[in-house]
Structure formats: structure tokens, C-alpha cells
Amino acid sequence: AAMHRTIAVTLLALMAILISSCGTTLQPQTWSQLHGDARNTGFNPVHSTFAEVSAKRWSAPVGQLAFSSPAVGPDGTVYIGNVSGRAVAINPDGTERWRRLLGSSIVATPAVDVETGDVLFVVQHPLTDREYLSFLYRLSSSGNIVAASTEQNLMTTSAPKIWRNYVFLQTGVRNDAGDRIF
């Protein structure tokens with residue numbers, strides 16, 4: 001009986017410690033290197049509130065998607081491209097703002113320029129049944145084409161990134177021998 005009492009007291013003490021530490025809020029630390037710490041754990045201790053049950057606010061028909069994820073503009077507009085080559089803009093309330101055919105497919109996530117509201121889409125155009133060429137389109141937030149790349153040998157499925165006045169895009173190019181260079 002004394003053994004059971006000792007185990008019960010120990011368990012109660014452990015539960016009290018666990019309960020008292022649950023209210024502690026951990027503060028995120030600055031990562032000074034890849035994976036965050038000297039042991040490369042990739043862990044940054046942050047305690048937040050529990051997620052609530054989500055309620056779907058709206059859904060919108062955007063067409064079949066490949067690897068594209070939505071990008072959100074500064075005004076809350078959601079932009080996405082589909083495999084039919086259409087760029088789609090959805091208002092924050094779920095209504096369609098515009099839809100524009102740009103090419104044969106859009107497989108990468110678009111990028112939104114937070115300064116101008118313009119949206120960049122990587123659009124695929126087939127060269128053969130196994131190869132494609134890629135073009136970069138810049139659309140205004142109202143869906144008008146502002147600019148399109150003129151490079152004829154780009155091949156990519158990567159998403160563009162915007163930093164200041166620069167656009168970064170991982171690409172491969174075809175040289176005169178038909179080789180791909182990345």
C-alpha cells in the first residue's frame with residue numbers, strides 16, 4: 001500500500017508540474033544559421049493558442065490545378081493559375097474578379113508585387129508533346145497584361161519571387177544543340 005501511495009504522490013507531483021508549465025508562453029528566438037541552432041534541429045519553440053475548428057467561408061471554381069498554390073494580394077484578392085492556362089483572381093468575399101487565358105498551362109504559384117499590386121504568372125506553351133517553353137507574364141490587379149517576357153528559350157515550372165524591383169526565377173534554357181542548361 002505504501003508503494004502505491006508513493007507512486008500516486010509522484011504522479012500527482014508530475015501532473016502539477018506539467019499543468020503549471022502549460023501556461024508558459026515560449027518566445028521565438030532569432031535563427032542565426034540554417035536549421036536554427038547548433039544541433040540543426042530546425043525547431044523554434046513557439047506556443048500559440050489552439051486552432052479553432054475551421055469554418056469554410058467560401059469556395060470558388062478555379063479549374064484544375066497542378067502544383068500552383070494561391071497567392072494573396074495586398075487587398076486580399078486571391079490569385080491562382082490553372083492547367084488550362086487561365087489566371088484567376090478571386091475577391092476576398094469569394095466572388096470572381098477576373099479570369100484571363102494566358103497560355104496552355106500555369107503550373108507554378110504566382111507572385112504578387114505588394115508595391116504595385118501586379119501579379120506575375122509563369123505560363124507554359126508546348127514546343128513538342130514532351131517539351132515546353134515558359135513565359136513570364138505581369139498582369140495588373142485588374143487582369144490586364146502589363147508585360148510579357150520575350151525570352152524564347154526559357155523552361156521552368158518554378159514560382160517567381162519578387163524582391164524590391166527584381167524578379168527571381170529558376171529557369172533552364174535550350175541552347176542551339178537542344179541541350180538544357182540550368
Self-check item: N/O donor-acceptor pair under 3.5 Å between Asn82 side chain and Val62 backbone
Solution: yes
Quiz item: Considering residues, nucleotides and ligands other than Asp93, do more than 12 of their heavy atoms fall under 6.0 Å from its CG?
Solution: yes
Practice problem: For Thr77 and Ala89, indicate whether the former's side chain and the latter's backbone hold a donor-acceptor pair under 3.5 Å. | Solution: no
Self-check item: Reference residue Val122; test side-chain contact (heavy atoms from CB on, under 4.5 Å); the match among Thr157, Leu169, Val107, Thr109
Solution: Leu169
Quiz item: Closest heavy-atom contact between Pro110 and Ala71?
Solution: O-CB, 3.5 Å
Quiz item: Heavy-atom distance under 4.5 Å between the side chains of Pro74 and Val112, does that happen here?
Solution: yes
Self-check item: From CD1 (Ile106) to CG (Leu101), nearest 0.5 Å
Solution: 8.5 Å
Quiz item: Can you check whether Pro160 reaches Leu136 side chain to side chain, under 4.5 Å on heavy atoms?
Solution: yes
Quiz item: Quick one: are Tyr132 and His125 in side-chain contact, heavy atoms under 4.5 Å?
Solution: no
Quiz item: Going only through I, L, V, M, F, W and Y residues with side-chain contacts under 4.5 Å, is there a path from Phe135 to Val167?
Solution: no
Quiz item: Just how far is it from atom NZ of Lys161 to atom CD of Gln170, taken to the nearest 0.5 Å?
Solution: 10.5 Å
Quiz prompt | Residues forming a side chain to side chain contact (heavy atoms under 4.5 Å, CB included) with Ile145, sequence neighbours excluded | solution = Arg100, Leu102, Tyr137, Leu139
Practice problem: Answer yes when Arg164 and Asp113 have at least one side-chain N-carboxylate O distance shorter than 4.0 Å, and no when they do not. | Solution: no
Quiz item: Between the side chains of Ser134 and Gln124, is a donor N or O closer than 3.5 angstrom to an acceptor N or O?
Solution: yes
Quiz item: Nearest heavy-atom pair of Ala108 and Ser158: which atoms, and what distance?
Solution: CB-O, 3.3 Å
Quiz item: So, Trp98 side chain and Ser141 main chain: donor-acceptor pair closer than 3.5 Å or not?
Solution: yes
Practice problem: Answer yes if Val72 and Val88 sit in the same cluster of Ile, Leu, Val, Met, Phe, Trp and Tyr residues linked by side chain heavy atoms under 4.5 Å apart, and no otherwise. | Solution: yes
Quiz item: Is there a donor-acceptor pair closer than 3.5 Å between any side-chain N or O of Ser140 and the backbone N or O of Asp118?
Solution: no
Quiz item: What is the ring orientation for Tyr166 with Trp163, classed by angle as parallel under 30°, tilted 30 to 60°, or perpendicular over 60°?
Solution: parallel
Quiz item: Between Ser84 and Arg86, is there a donor-acceptor pair closer than 3.5 Å when you use the side chain of the first and the backbone of the second?
Solution: no
Exercise. Could you walk me through whether Phe121 and Tyr79 pass side chain to side chain contact (heavy atoms under 4.5 Å, CB included), step by step?
Key: CA-CA 10 Å; Phe121 288 92; Tyr79 300 97; 4.3 Å; yes
Quiz prompt | CG-CZ distance between Leu120 and Arg138, expressed to the nearest 0.5 angstrom | solution = 4.5 Å
Practice problem: Please report the C-alpha distance between Trp58 and Asn91 in whole Å, then the side-chain angles of each, then the deciding distance to 0.1 Å, and finally whether the side chain to side chain contact (heavy atoms under 4.5 Å, CB included) criterion is met. | Solution: CA-CA 11 Å; Trp58 54 264; Asn91 291 310; over 6 Å; no
Exercise. Please report the closest heavy-atom contact between Gly94 and Ala60, naming both atoms and the distance.
Key: O-CB, 3.9 Å
Quiz item: Val123 and Leu127: same hydrophobic cluster, using ILVMFWY side-chain contacts below 4.5 Å?
Solution: yes
